[in-house]
Novice: 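Below you'll find the structure I mean.
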Amino acid sequence: MPDHVRRNIFFALLSVIVLVVFGVMAYRYRSNASDEKARLEAAIAEAKEYEDEVTKLKRSITSAADSLTDTSETARFVVGFVITSEEDMIYVEDKATEYGFEPVIVLDCVDDLTVLQTLAATASSYEHEIMLTASVYTTEINETVAAMMSYMSGAGIDYSDIFLLRSDYSSDSAVEMVISDGFAGYTVYNSSPTSGITSDGYITFDYSYLTVDSTSFTRFSSSYSNLASMIIAIDIDSIRSGTLTETFISMLLSTIATYSENDDCEFSTIANVRESLIRENQTLEERMVDYEAYVAECEARIDELEELIAEIYAQLD
């Protein structure tokens, strides 16, 4: 075979080999690039899954925290009557029968002690709850409160351990006197009615002390909307004086009676409100334990996920 032919064959074979080598290299490059792209896409997708899970966990913690405020499922209205004579009991019985509720007899400790003791005995004979209040709360009045508590305890007369503390006299010193007398709680006045138990363990719920007609039912509607407990103290002397009218009282009691036709509202008693708030507070404490455990679990998982996410993005750099 001539030399030039051998050279041509050699160069042809060499060209084929070179083309094959370059072809293989190009294939491997494209394959590696495709693999790298697939790896990056898979890593980003994995990180996105972890990020989505972190977002869901954080939202879940927020939702669980919000649910802790839902401590009541029922708005409770207690209807009380501030009486100053035994004859007032006739009016109380008529209203209680007409609207179907168990009345609370409210005794204002600014009155004469002997009169108050007589009224307490009369209310007890009707088997009605008794709640003490003081339209003016001073150290001297507190002595009457203490004397009434001693009298009723000695006479076997049940009375509420919740004191109707008027907002005008709800200073820290007045609260201290109420607590030092041995009351388990007291009423408060809020623009948006609330009820519950203080950090010190005292029961509090809202009240409305009626001595004049109100121009709206905003507070009562707010109590209903907030599923709060409220005592409505109707001052019978104000009815006699004409500042509080029968029309207003009938409208109010009719409205509450309408509310009470729903499952989330009821006529109640001080004792039932007290028991309900204690039960709801205990439930809240149990839920708080569960909530804290759940948050700890979620936060541990979030930390784990965020470490994984950081590792993924570090590898991509």
Side-chain angles (χ1 to χ4, degrees), residues 67-82 101-109 129-138 141-142 145-146 148-149 158-211 218-235 256 259 264-288:
S67 69
L68 288 174
T69 60
D70 301 330
T71 57
S72 177
E73 297 179 352
T74 307
R76 299 180 178 89
F77 288 93
V78 180
V79 181
F81 294 88
V82 186
F101 59 84
E102 176 60 35
V104 173
I105 304 304
V106 181
L107 300 179
D108 191 339
C109 291
E129 282 186 299
I130 296 172
M131 187 178 202
L132 298 181
T133 188
S135 50
V136 178
Y137 205 71
T138 63
I141 297 300
N142 186 59
V145 173
M148 278 298 294
M149 294 172 68
D158 291 332
Y159 63 93
S160 174
D161 62 355
I162 310 297
F163 188 83
L164 203 171
L165 185 62
R166 302 280 295 275
S167 61
D168 293 343
Y169 305 97
S170 59
S171 63
D172 290 342
S173 60
V175 170
E176 288 176 5
M177 283 193 285
V178 167
I179 298 306
S180 65
D181 283 334
F183 287 97
Y186 47 88
T187 59
V188 293
Y189 186 97
N190 292 299
S191 56
S192 294
T194 58
S195 54
I197 296 182
T198 68
S199 59
D200 295 328
Y202 297 110
I203 300 165
T204 61
F205 54 91
D206 216 89
Y207 81 92
S208 185
Y209 200 100
L210 300 182
T211 58
T218 302
R219 273 179 52 74
F220 309 106
S221 296
S222 181
S223 182
Y224 176 55
S225 299
N226 287 285
L227 299 180
S229 296
M230 171 185 282
I231 178 169
I232 301 161
I234 299 171
D235 183 45
I256 297 175
Y259 287 161
D264 57 358
C265 180
E266 65 183 22
F267 280 119
S268 190
T269 64
I270 297 296
N272 285 343
V273 167
R274 182 186 189 282
E275 292 171 3
S276 297
L277 293 178
I278 291 174
R279 183 173 61 253
E280 288 163 3
N281 187 65
Q282 291 171 337
T283 302
L284 176 60
E285 290 175 352
E286 294 170 356
R287 287 160 59 193
M288 179 61 77

Novice: Take Phe81 and Val106, measure what side-chain contact (heavy atoms from CB on, under 4.5 Å) needs, and give me the verdict at the end.
Specialist: CA-CA 6 Å; Phe81 294 88; Val106 181; over 6 Å; no

Novice: Have a look at Cys109 and tell me which of Thr133, Ile141, Val136 forms a side chain to side chain contact (heavy atoms under 4.5 Å, CB included) with it.
Specialist: Ile141

Novice: As an exercise, state the distance from CG of Asp206 to CD1 of Ile232, rounded to the nearest 0.5 Å.
Specialist: 10.0 Å

Novice: At what distance, to the nearest 0.5 angstrom, does OG1 of Thr269 lie from CD of Glu129?
Specialist: 4.5 Å

Novice: Using a 4.5 Å cut-off on heavy atoms from C-beta on, say whether the side chain of Phe77 contacts that of Glu266.
Specialist: no

Novice: If you define the side chain from C-beta out and look only at heavy atoms, does anything of Ile278 sit under 4.5 Å from Ile203?
Specialist: yes

Novice: Out of the candidates Ile179, Thr187, Val175, Val145, only one should pair with Phe163 under the side chain to side chain contact (heavy atoms under 4.5 Å, CB included) rule; please name it.
Specialist: Val145

Novice: Arg76 pairs by side chain to side chain donor-acceptor pair (under 3.5 Å) with which of Ser223, Ser268, Ser276, Ser195?
Specialist: Ser276

Novice: Please name the pair of heavy atoms, one in Ile231 and one in Met131, separated by the smallest distance, quoted to 0.1 Å.
Specialist: CD1-SD, 3.3 Å

Novice: Could you walk me through whether Met149 and Asp181 pass the side-chain contact (heavy atoms from CB on, under 4.5 Å) check?
Specialist: CA-CA 9 Å; Met149 294 172 68; Asp181 283 334; 4.0 Å; yes

Novice: For residues Phe183 and Ser160, report the shortest heavy-atom separation together with the two atoms involved.
Specialist: CE2-O, 3.8 Å

Novice: Could you tell me whether the side chains of Tyr137 and Asn142 share a donor-acceptor contact shorter than 3.5 Å?
Specialist: yes

Novice: Does Thr218 offer a backbone N or O that forms a donor-acceptor pair with the side chain of Ser222 under 3.5 Å?
Specialist: no

Novice: Do Leu277 and Val273 have side chains that approach each other closer than 4.5 Å (heavy atoms only, starting at C-beta)?
Specialist: yes

Novice: Other residues, nucleotides and ligands only: do more than 12 of their heavy atoms fall within 6.0 Å of CG on Asp158?
Specialist: no

Novice: Is the closest side-chain heavy-atom distance between Thr74 and Leu227 below 4.5 Å?
Specialist: no

Novice: What closest approach, in Å, do Gly185 and Val178 show between heavy atoms, and which atom pair accounts for it?
Specialist: O-CG1, 4.2 Å

Novice: Tyr186 vs Phe205, test: ring-ring contact (aromatic ring centres under 6.0 Å, His included). Steps then yes/no.
Specialist: CA-CA 7 Å; Tyr186 47 88; Phe205 54 91; 9.7 Å; no

Novice: Asp108 and Ala134: which non-hydrogen atoms are nearest, and at how many Å?
Specialist: OD1-CA, 3.4 Å

Novice: Of all the heavy-atom pairs spanning Pro193 and Asn226, show the shortest one and how long it is.
Specialist: O-CB, 3.6 Å

Novice: Would you call the rings of Tyr224 and Tyr259 parallel, tilted or perpendicular, taking 30° and 60° as the class edges?
Specialist: parallel

Novice: For Arg274 and Asp161, what are the C-alpha separation, side-chain angles and deciding distance, and is it a side-chain contact (heavy atoms from CB on, under 4.5 Å)?
Specialist: CA-CA 9 Å; Arg274 182 186 189 282; Asp161 62 355; 3.0 Å; yes

Novice: If every non-hydrogen atom of Met148 is compared with every non-hydrogen atom of Leu107, which pair is closest and at what distance?
Specialist: CE-CD1, 4.0 Å

Novice: For the residue pair Glu102 and Asn272, establish whether any side-chain heavy-atom pair is separated by less than 4.5 Å.
Specialist: no

Novice: Is there a donor-acceptor pair under 3.5 Å between the side chain of Arg219 and the backbone N or O of Asn190?
Specialist: yes

Novice: Answer whether the closest heavy-atom distance between the side chains of Tyr207 and Leu164 falls below 4.5 Å.
Specialist: yes

Novice: Any donor-acceptor pair under 3.5 Å linking the side-chain atoms of Tyr209 with those of Ser167?
Specialist: no

